[in-house]
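Presented below is the structure to which this report refers.
Given the structure is predicted, the values throughout are model-derived calculations rather than measurements.
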Amino acid sequence: GKTMSQNQLTLLDIISESDYRQRQSKAIDLFNQSLKNDPETTLALCNFVVGDVLSNQSFSPGFKLHCLNWLIDHHLDRCDESYEQHPEDDGFPEGFYDLIDCQWKFKWIIPTLARDLFLDKKEIEEANETMRYHYENMRFSLSSFYKTLMLQNILTGDHTAAKENFQKWQQTATDEFSDCPACEQTEQVNFYHFIGQYQKAIDAAQPILTGEMTCAEVPHITYHPAIDSMIRLGKYPEAERLLDEAIDKINAEEDEIFVRLIPLFSQLSYKLGQSQRALDLMNRHGDAIIQHAQNDNMLYLDYLIALYPFDEDAAQHARELAADFDKRNGNSHYQSQIEFMFGSGNLQ
């Protein structure tokens, strides 16, 4: 039989690499190496990097985007070749379904780009334009595109743009390329929480929290905006009850896919006066969080903010990292959040 190429062995090595920082730097090396003469390996690598959103959180959003762009070009080339070779075919060209699959993944990757501090504003805007181009070109509804932009605006702390894109998202008809009702509902909760309409956020969360609407990441990702909204309105008993449920649910999960929610739940515990529980959560899951934060700067910020009350170094780093995000985003969103939570006269 055919022996495995050096590159294929390297790919296996990357997949089994448990240190995420190592995994990413090895993957970048392999990408650059295979690019010249081994498209099969580049293809396998890119498919792994942009793989299932839940199971593959180990790469930075910027590198995922890089691999997704390569895949889209690759599948477009396949479509073109297939047309040229079989102009008489009226079915879809070879590569068409793979192309569609990649265009779908824009919805996973583009909202997360703002989590990556290595991407500047211009690179993020170019990625947005690429997504828009593909969706218009394929005549998909732009509903998902506007929702994607809104999620990105929430992460960059841009209230004006978030409101505009929320309106456009709500006013644009959906199509089969849109997300499931539970996911759409969760993003409404996120939006209302972000702009400070806390009662609306709580109301929008109800069908999700009662289990009427479910999905792979729902209700998990809905807890934080819902509970935080309750705290902001002084509904403490409800907030505590829901936080208990949220923490039980996360602790019951076998794998680490929801690890990025732990620092948020720790912050909520602290806001509810449960300092010991806040610290216990971070002690119990700290190593896993640090591992996942290797290529996710925003998760690292969430981690530092959770440790802020307990650790002077973490507090200092949190302020610096928040300032880095704000500088890139062109506002003071994250520094204001920290000031709001911990009140601090020494914020520069």
Side-chain angles (χ1 to χ4, degrees), residues 7 10-11 14-15 20-21 23-83 92-142 144-153 155-156 165 177 179 294-298 328:
N7 281 344
T10 317
L11 184 61
I14 288 167
I15 292 171
Y20 286 176
R21 185 168 290 166
R23 184 185 286 189
Q24 173 138 327
S25 63
K26 283 182 179 181
I28 290 170
D29 287 347
L30 180 59
F31 182 93
N32 294 332
Q33 243 173 297
S34 61
L35 200 53
K36 300 176 190 65
N37 54 14
D38 186 358
E40 260 179 55
T41 298
T42 319
L43 177 63
L45 173 69
C46 289
N47 279 332
F48 174 63
V49 171
V50 303
D52 175 31
V53 66
L54 284 182
S55 64
N56 204 353
Q57 295 180 350
S58 57
F59 297 105
S60 70
F63 185 52
K64 285 185 176 179
L65 176 69
H66 189 70
C67 291
L68 184 64
N69 282 332
W70 183 90
L71 283 172
I72 285 180
D73 289 343
H74 172 77
H75 296 315
L76 276 170
D77 288 346
R78 287 173 62 208
C79 288
D80 289 346
E81 273 170 37
S82 161
Y83 267 133
F92 291 121
E94 203 218 320
F96 180 77
Y97 290 108
D98 291 328
L99 180 63
I100 297 267
D101 181 53
C102 287
Q103 289 167 336
W104 174 267
K105 285 177 179 163
F106 274 128
K107 297 193 298 181
W108 296 346
I109 293 174
I110 302 259
T112 68
L113 295 181
R115 300 179 71 89
D116 191 338
L117 264 180
F118 292 102
L119 292 171
D120 61 33
K121 221 171 177 163
K122 189 166 156 289
E123 289 171 300
I124 294 176
E125 280 160 11
E126 280 168 5
N128 295 345
E129 282 313 303
T130 305
M131 177 174 177
R132 178 197 281 273
Y133 166 80
H134 282 284
Y135 277 47
E136 284 179 342
N137 201 30
M138 300 295 275
R139 301 199 174 33
F140 298 145
S141 159
L142 287 182
S144 298
F145 172 70
Y146 294 127
K147 185 178 79 164
T148 295
L149 287 190
M150 178 199 77
L151 293 174
Q152 200 184 83
N153 302 146
L155 279 182
T156 56
N165 286 313
F177 223 66
D179 288 309
Q294 299 275 6
N295 300 313
D296 182 345
N297 311 124
M298 183 70 74
R328 196 270 316 270

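With sequence neighbours excluded, no residue forms a ring pair (Phe, Tyr, Trp, His ring centres under 6.0 Å) with Tyr146. Judged as a side chain to side chain contact (heavy atoms under 4.5 Å, CB included), and not counting sequence neighbours, the contacts of Ile28 are Gln24, Asn32, Phe63. Residues satisfying the side chain to side chain donor-acceptor pair (under 3.5 Å) test with Thr10, not counting sequence neighbours, are none. Legend: residues meeting side chain to side chain contact (heavy atoms under 4.5 Å, CB included) with Ser25, ordered by chain and number and at least two apart, are Gln22. By the ring pair (Phe, Tyr, Trp, His ring centres under 6.0 Å) test, His74 is found to be paired with Trp70, residues two or more places apart in sequence or in another chain being considered. Residues satisfying the side chain to side chain donor-acceptor pair (under 3.5 Å) test with Glu126, not counting sequence neighbours, are Lys122. Qualifying ring pair (Phe, Tyr, Trp, His ring centres under 6.0 Å) partners for Phe118, counting only residues two or more places apart in sequence or in other chains: none. By the side chain to side chain contact (heavy atoms under 4.5 Å, CB included) test, Asn128 is found to be paired with Ile110, Ile124, Leu149, Gln152, residues two or more places apart in sequence or in another chain being considered. Annotation: side chain to side chain contact (heavy atoms under 4.5 Å, CB included) contacts of Glu94 (sequence neighbours excluded): Arg78, Ser82. Evaluation of the ring pair (Phe, Tyr, Trp, His ring centres under 6.0 Å) rule for Phe96 yields Phe92 as partners, not counting sequence neighbours. Every side chain to side chain donor-acceptor pair (under 3.5 Å) that Arg115 has, sequence neighbours left out, goes to Asp296.
Each salt bridge (charged side-chain N to carboxylate O under 4.0 Å, His left out) pair with one or both residues in residues 27-38, not counting sequence neighbours, would appear here, but there are none.
No side-chain heavy atom of Arg132 sits less than 4.5 Å from a side-chain heavy atom of Thr148.
Summarising the geometry, atom OG1 belonging to Thr130 is positioned 12.0 Å from atom CD belonging to Glu125; distances are rounded to the nearest 0.5 Å. Note that the CG atom of Leu76 and the CG atom of Asp80 stand 6.5 Å from one another [nearest 0.5 Å].
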